[in-house]
Trainee: 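Quick one: the structure is below, questions incoming.
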There are 2 protein chains.
Amino acid sequence: MEKKDLAIIGAGIAGIASGIYARRAGLTFELFEKKTVGGQLGFVGALDNYIGIVPGATGFELVSSLNETLKKMDIPPRHEDVKKIAPGTGKITVHTEAGEYIFGAVIIASGATWRTLGVAGEAEFLGKGVSYCAVCDGFFFKNKDVCVIGGGNTAVEEALYLSRLCNKVYLIHRRDRLRALDYLQKELTETKNIEVCLESELTQIKGDAFVEEVTARKKDGTVFRFSVNGVFIAIGMEPATGFFRDVVACDEHGFIISDEEMSTSQKGIFSCGDCRRRPLRQLITAAGEGAVAAMSAYRYLKGNYISS
Amino acid sequence: MEKKDLAIIGAGIAGIASGIYARRAGLTFELFEKKTVGGQLGFVGALDNYIGIVPGATGFELVSSLNETLKKMDIPPRHEDVKKIAPGTGKITVHTEAGEYIFGAVIIASGATWRTLGVAGEAEFLGKGVSYCAVCDGFFFKNKDVCVIGGGNTAVEEALYLSRLCNKVYLIHRRDRLRALDYLQKELTETKNIEVCLESELTQIKGDAFVEEVTARKKDGTVFRFSVNGVFIAIGMEPATGFFRDVVACDEHGFIISDEEMSTSQKGIFSCGDCRRRPLRQLITAAGEGAVAAMSAYRYLKGNYISS
């Protein structure tokens, strides 16, 4: 079987960035994507924080532009689901449901998904008031009332972040106490426009075109309603790292550990984007990391480096 | 004097990204820029590797879109030259030629400039065959003849990188030996389509609309010509870190040392983009780093963090 330089697993923005830089560097490669190009990006309603795109564009427009770039650069995504990767001596075998391929290096850009609540209205109002990321979407809710669902560090951080932009923030958590770190909880109690609602479970998200109201049920059975325009669901993220966890070192949540050059614990395997542990989970950081991963793979494959 | 949260020094793409994320996070800040918004980006002829922008756009178009974003988000750059930053207890004083300002945190995004040769035609053909970055522009010269000027690691790496894309690469160096590391020189001699020309100084770059020919002079006085379409000048980069070097730790070339969260050796001071030591010097990585720096400054200022 013909050996190619590089396998890129996942055609979200990180994997696409890797593909663009790999093509420009003259590497031979495959870009594997089991679902659709752009990953979750297609569902992003308004895209206001991708540097270089004027606020007001949609995620769909960015996906279209990425697809056009792939076409222009002759990078056809291979729609196969990668089932296994097996590092060997000087080669890495990639198994998909369709066959086996041999590569010199692999970039894992398999992404992650936000954990969902599964309540009525959650899917329907995604991008219309329902969000999984305060840094991404908080700005759309300036001076409005919002709620945050969850009780861990992320939920409390998101509530604090939103409290500085929004009029009022309800933090709704199903347990009788928060799991967040002490100093976060201390700041929470000092923040006047946050109201913490414990032992409360979100049951419904309602509205017309956009979210207008949520319903929650207290442990004692009481049902109450909040008028809010935003619902931030902060119950964690699930990295799509499944079987990769047997091949490269991951943190306790399953995110791949890689350094600033995107090198993992396994020689020849790199990772970028949402599937890796990183300081800031944003489209623009994923794109930059994808470029770095491709050039690091290039260096690894060619035995030299490009310092600029 | 009123204290603001954050000073961002430099409105290249890294500093602009910091400004966008700072505005969205509700921070008060100033974006200082002594020259023009977009930095060196305005001179980029064709922009084929900025993820999300379809190949074929120009640097000028990206600058326009960044300017429009700044206007939409009400971020007017303050056109003052920062002369000094002085960290104090819980505050950092920024001195410009126009006055003194007090901030809680500072992001240094002051950029860097490529060293130039100063030969006839160099400025004239910039973006029309003259380039300072093989990873940025190499792809435009696929199957063409090019030359690389320089004798250090970067010059040899760029020659090797280009050898895989181009028909023929001349490596022109004024000294009698290369300064590059042994393994790079070894690979160089093994690469058939690279011709090394030592003791040769570039004297002129000529062409019509685009580069067509360069002239070099041998140490013995012989003058010779190469027909090339591309001239890659790889004699190094100068970080615009001047007096910052007294405030934060820098590497031996003057690039600021900061970690993946963009924190420098000085509490409350962050750095991003071309002025910092980093794995890959590209627009897309600078943009991502700018976003990270802003969120790290936010965490520092607010005493908490956003993990997603």
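Order of the sequence lines fixes the chain letters, A, B, ..., with proteins taken first and strands second; residue numbering starts at 1 for each chain.
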Trainee: Which pairs count as salt bridge (charged side-chain N to carboxylate O under 4.0 Å, His left out) when at least one residue sits in residues 45-59 of chain A, sequence neighbours excluded?
Mentor: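 Found none.
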Trainee: Go through B:Asp259, B:Thr285, B:Leu27, B:Val54 and name the one with the most non-hydrogen pairs under 4.5 angstrom from chain A.
Mentor: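 Counting heavy-atom pairs under 4.5 Å, the top option is B:Val54.
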Trainee: Hey, are B:Arg276 and B:Ser258 close enough side-chain-wise for a donor-acceptor pair under 3.5 Å?
Mentor: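 B:Arg276 and B:Ser258 do have a side-chain donor-acceptor pair below 3.5 Å.
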Trainee: Among A:Gly26, A:Cys136, A:Ser64, which residue has the highest count of heavy-atom pairs closer than 4.5 Å to chain B?
Mentor: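 Top count of heavy-atom pairs under 4.5 Å with chain B: A:Cys136.
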Trainee: Which one wins on heavy-atom pair count under 4.5 Å against chain B: A:Asp274, A:Leu165, A:Leu66, A:Leu62?
Mentor: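 Highest number of heavy-atom pairs under 4.5 Å: A:Leu165.
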Trainee: Who wins among A:Ile284, A:Val63, A:Ile53 for the most heavy-atom pairs under 4.5 Å with chain B?
Mentor: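 Maximum pair count with chain B is reached by A:Ile284.
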Trainee: Highest number of heavy-atom pairs under 4.5 Å with chain B: which of A:Thr69, A:Leu283, A:Val156, A:Leu162?
Mentor: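 It is A:Thr69.
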Trainee: With only heavy atoms counted, which part of B:Asn67 is less than 4.5 Å from chain A, the side chain, the backbone, both or neither?
Mentor: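 Looking at B:Asn67, nothing touches chain A.
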Trainee: Between B:Glu260 and A:Arg278, is the salt bridge (Lys or Arg N to Asp or Glu O under 4.0 Å) condition met? List the steps.
Mentor: CA-CA 8 Å; B:Glu260 204 185 341; A:Arg278 54 212 273 253; over 6 Å; no
Trainee: Pairs under 3.5 angstrom only: tabulate donor-acceptor contacts from the side chains of residues 13-20 of chain B to other protein residues two or more places apart or in another chain.
Mentor:
residue : atom : partner  : partner atom : Å
B:Ser18 : OG   : B:Ala14  : O            : 3.4
B:Ser18 : OG   : B:Gly290 : O            : 2.8

Trainee: Parallel, tilted or perpendicular for B:Phe270 and B:Tyr300, by the 30°/60° rule?
Mentor: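 Taking B:Tyr300 first and then B:Phe270, their aromatic rings stand perpendicular (interplane angle over 60°).
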